[in-house]
Amino acid sequence: MSDAPVVELPVVELPVVELPVVELIDVQKWYGAFHVLKDVNLSVKKGEKVVVCGPSGSGKSTMIRCVNRLEEHQAGRILVNNIELADDLKAIDAIRKDVGMVFQSFNLFPHLTVLQNLTLAPTWVKHVPKKEAEDLAMQLLERVRIPDQAKKFPGQLSGGQQQRVAIARALAMKPSIMLFDEPTSALDPEMVKEVLDVMIELAGEGMTMICVTHEMGFARAVADTMVFMAEGRVIEMAPPEQFFSDPKSERTRQFLGQIIGH
Amino acid sequence: MIKPEDDIHAATAAADVEEPSSAVVPETPLWKPLGWAKSNLFDSVPNTILTLLALFLLWETIPPLLSWGLFHATWSVADGSAAACRDSAGACWALMGEKNRLMLFGVYPYDQHWRPLLATCIVIAMLATSAPRRFWRRELGYAWGVAVVVVAWLMWGGILGLPYVETGLWGGLPLTMGLALLGIVLAFPLSIVLALGRRSNLPAIKAICTGYIELVRGVPLVSVLFMASVMFPLFLPEGVTIDKLLRALAGITLFTAAYLAEAVRGGLQAIPRGQEEAADALGLPYWRKMRLIVLPQALRLVIPPIVNQFISCFKDTSLVTIVGLYDLLAASKAALADPEWRPYFVEGYVIAAAIYWVFCFSMSRYSQWLERQLATGHRR
């Protein structure tokens, strides 16, 4: 927040030129000899919700983990907020501050209370004063509907509650982009909804989201773009209406048949 | 309205209540000693033979030990002569009364013995104060700072009216405690750096740390001490000398750190990768991630092997005797050099062993308590 005087500018209707906030260009990645990502191209605009699906081993998790450099890509370019992800540690830090991530296995810090899980990164990375960080944390816990669990340890919560804490923890850094890596896959069926509800709410607030999931109901409800990956390639990319009713590729049709068909 | 989380806790609570009741199994009635002995000690021929053998061994060892150590022991002597001990068949604990100052403080100037005594008491008091978790605050750090200065002043002297006592004259319990404590305190952070280094992605750092650990673990402490005190000075420029005690301390520290590093590494390996990834995703830089997320969890897991190493370090300080320092054990031995008391070396060693045991056992008990205290994070 700068203290520069606020200059009232005339409101001009500009033609909407939406720059992508996340852009993957011809990304390649290998694990040893195994080619995990092949020529992956993806462009996500501000506020866009992208749902990525595909069979296991298709590289979808690897792809979103490249976006905040939990995995390194070996060729091609990845740009986040127009900053290129390369070996520059400063750039990586800057990107990570602005990109929140939710994992399949929650990865909460078991030795800290729920509240401490939420305040840790803001206080140590952004140097937010303790009181302010705690206030924000409580607001977020309200938002994910578990303010009464603030003093508990993660191990004392149910899976659904833990995942909601994990979402709140990521939001505590006030990111502009959220990555979800199969957020409901490790949950018992009855807890999936409480997590998806929080995610749908978040989508409604205009957050840019890239979400790897097989929850097709959720995808229909929030996705602007559906991405189908198989064997390390993006096979199909389409708006959900078209994706679900009239997929172009045989591979996509097969996959959708398998997960929706019964 | 009942929230889902309430249901979960109600369910857990119910499970908790049910568990003990099912666990209560009718036990062998302990109130019937004869019945118990029959069903546990004499229930078969081999068991009966083993029981009788054990009883025989106990009968052969315990009464003579009690008779030697308690009933026929000499607890004090008149006028500092061992005559009373010579006439008795029992232990000569009077040795403790006669030679305690030499055993505890070695060759420290006799009329100044109050100084190491006071220093030792201060350190023990500070250790006791540091033990409970509620005292782990910033103020405790300051208190330690003051205590270290006071203890150093008491031991060295040279200012504020105390005559100077060089480190070569230090000995006994203060020396043992000092070497062990400082060795542990200095080795611990070093071991963490070594353990992290060994897991580093940077090949040079990894090679240095691995090389160091493997090299030091591969040689006996005696040789490390010997090198520190005999060989090391040869490499120093002429005229530069480093205190013998400091060299021994460096040897102990470097040696202990290598072992501790492996214990710490064990803990680091037990932490799921997801913890580091979560910290990375939040943008925590490497050292913060380690200090706030990984190490608190890893170290908690390896309290037992770490304390094992601390205990080992405490006892290993007795090896400094080979470089001419008089630790507790060496001072006890020296106290027995007096021909009058020489026959009672067994008592001397028993007393020294008892002192070591008290310290090591305290560490062991404290670590168990600490493990329970710190287990909160994983409590379900």
Side-chain angles (χ1 to χ4, degrees), chain A residues 64-65 67-71 89-90 92-113 116-118 120-126 145-146 148-149 152-161 164 166 169-170 172-173 175 178-179 181 188 190-191 193-194, chain B residues 1-16 133 136 138 200-203 267-268 270-303 370-380:
Chain A
I64 71 162
R65 287 158 59 88
V67 173
N68 65 349
R69 197 64 165 193
L70 289 185
E71 304 278 356
L89 291 174
K90 282 231 174 67
I92 295 173
D93 281 347
I95 286 168
R96 283 176 175 170
K97 267 187 227 179
D98 200 43
V99 178
M101 185 159 197
V102 176
F103 299 86
Q104 180 177 355
S105 48
F106 327 139
N107 294 347
L108 292 177
F109 306 130
H111 61 301
L112 302 176
T113 62
Q116 288 168 331
N117 263 280
L118 264 65
L120 183 112
T123 44
W124 288 99
V125 179
K126 291 166 92 183
R145 294 183 277 278
I146 34 176
D148 47 335
Q149 311 287 347
K152 288 195 180 161
F153 287 97
Q156 295 167 294
L157 306 186
S158 72
Q161 291 172 328
R164 284 185 279 154
R169 177 178 69 179
M173 285 295 283
M178 284 284 284
L179 308 175
D181 187 3
D188 290 335
E190 77 271 20
M191 294 170 182
K193 186 175 177 295
E194 66 191 52
Chain B
M1 184 189 142
I2 298 170
K3 284 179 246 160
E5 50 262 41
D6 292 331
D7 285 345
I8 288 146
H9 289 296
T12 341
D16 283 349
R133 220 179 154 194
W136 294 357
R138 195 176 294 269
S200 168
N201 294 327
L202 307 170
L268 292 175
I271 304 304
R273 251 192 80 66
Q275 290 290 306
E276 275 196 53
E277 286 178 354
D280 283 338
L282 287 167
L284 284 170
Y286 179 83
W287 285 106
R288 295 239 164 99
K289 169 175 78 178
M290 287 302 160
R291 186 160 70 81
L292 299 168
I293 306 301
V294 178
L295 285 172
Q297 297 183 61
L299 294 180
R300 187 171 304 177
L301 286 175
V302 290
I303 290 175
L370 194 62
E371 263 179 75
R372 284 196 301 276
Q373 282 286 304
L374 296 180
T376 44
H378 300 280
R379 193 180 54 203
R380 292 190 71 95

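A donor-acceptor pair is defined here as one N or O able to donate and one able to accept, closer than 3.5 Å; no such pair exists between the side chain of A:H111 and the backbone of B:L374. The closest donor-acceptor contact from the side chain of A:K126 to the backbone of A:M173 lies under 3.5 Å. Looking at B:E371, its side chain never comes within 3.5 Å of a backbone N or O of B:L301 through a donor-acceptor pair.
Annotation: maximal heavy-atom pairing with chain B below 4.5 Å, among A:D93, A:L120, A:V99, occurs at A:L120. Here A:L70 is the residue among A:L70, A:N68, A:I95 with the most heavy-atom pairs under 4.5 Å with chain B. Between chain B and the residues A:D98, A:L108, A:I92, the largest count of heavy-atom pairs under 4.5 Å involves A:L108. Chosen from A:E190, A:Q104, A:M101, A:R96, the residue pairing most often with chain B at heavy-atom distances under 4.5 Å is A:R96.
Of the atoms belonging to A:L179, not a single heavy atom falls under 4.5 Å from chain B. When heavy atoms are compared at a cutoff of 4.5 Å, A:R169 approaches chain B by way of both its backbone and its side chain. Only the side chain of A:F103 comes within contact range of chain B, with at least one heavy atom under 4.5 Å from a heavy atom of that chain.
For the pair A:F106 and A:A166, the tightest heavy-atom approach, listed with the atom from each and the gap, is O-CB, 3.8 Å. Here the closest heavy-atom approach between residue A:V102 and residue A:M178 is recorded as CG2-CE, 3.9 Å. Residues A:A172 and A:P122 share a closest heavy-atom pair of O-CG, 3.6 Å.
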